[in-house]
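Below is one structure, written out as structure tokens; comments come after it.
The structure displayed is predicted, hence computed values, not measured ones. Below, each value reflects all heavy atoms present in this structure, side chains not excepted, and no hydrogens, waters or symmetry copies.
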Amino acid sequence: MEKFPKINKVLIAWFKSAWVKNIPISGAFMKQKAMEIADALGTKDFCAINGWLKKFQVWNNVVFHALCGKAADVDENLCKDWTTRLPLLLAGYADKEIFNMDKTGLFFVPSQIRA
């Protein structure tokens with residue numbers, strides 16, 4: 001039985017909307033989002049630990065897979081503003097400090113990117 005059904009209900013709705021958009025989601029990101037939801041709902045005794053995440057995955061049939069290739073491409077409409085934003089983000093860095101990482105297995109979690 002779920003101990004925090006409200007948190008789980010909101011989190012699975014968020015997860016489904018992010019999944020449809022091919023947004024990469026890690027377990028750590030799910031735990032962070034669950035804590036944000038718990039705070040928003042005023043739940044004080046919730047802690048998104050690994051055991052909770054495993055149970056959440058079982059309850060909701062959630063499996064994490066690596067996205068790669070064309071199936072993982074981001075919708076071009078979501079990226080149109082990057083031609084203006086990217087130079088602003090890179091302004092404080094030297095060229096030798098900027099790397100192309102499209103062939104790695106690393107993903108940035110969207111809520112951690114600050115613009």
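- Between Ile37 and Lys33 there is a side-chain heavy-atom pair separated by less than 4.5 Å.
- Between Phe4 and Trp52, the ring centre distance reaches or exceeds 6.0 Å.
- Atom CG of Leu11 and atom CG of Leu53 lie 9.0 Å apart (nearest 0.5 Å).
- Judged by distance alone, the side chain of Ser26 and the main-chain N or O of Phe29 form a donor-acceptor pair under 3.5 Å.
- For the atom pair Thr43 OG1 and Met35 CE, the distance stands at 9.5 Å (nearest 0.5 Å).
- No side-chain heavy atom of Lys31 sits under 4.5 Å from any side-chain heavy atom of Ile49.
- Looking only at atom types and distance, the side chain of Asn8 has no donor-acceptor partner in the side chain of Lys3 under 3.5 Å away.
- Counting all heavy atoms, side chain and backbone alike, Ala18 lies closest to Ile25 at CB-CD1, 3.4 Å.
- Atom CD of Glu36 and atom CG of Leu41 lie 12.0 Å apart (nearest 0.5 Å).
- Considering every non-hydrogen atom in both Phe46 and Ala38, the closest pair reads CD2-CB, 3.6 Å.
- When side chains are defined from C-beta on, Gln57 counts as touching Lys54, because their heavy atoms get closer than 4.5 Å.
- In this structure, CD on Glu97 lies 9.5 Å from CG on Asp95, to the nearest 0.5 angstrom.
- Tracing side-chain contacts under 4.5 Å through hydrophobic residues (I, L, V, M, F, W, Y), one reaches Tyr93 starting from Leu89; they form part of the same cluster.
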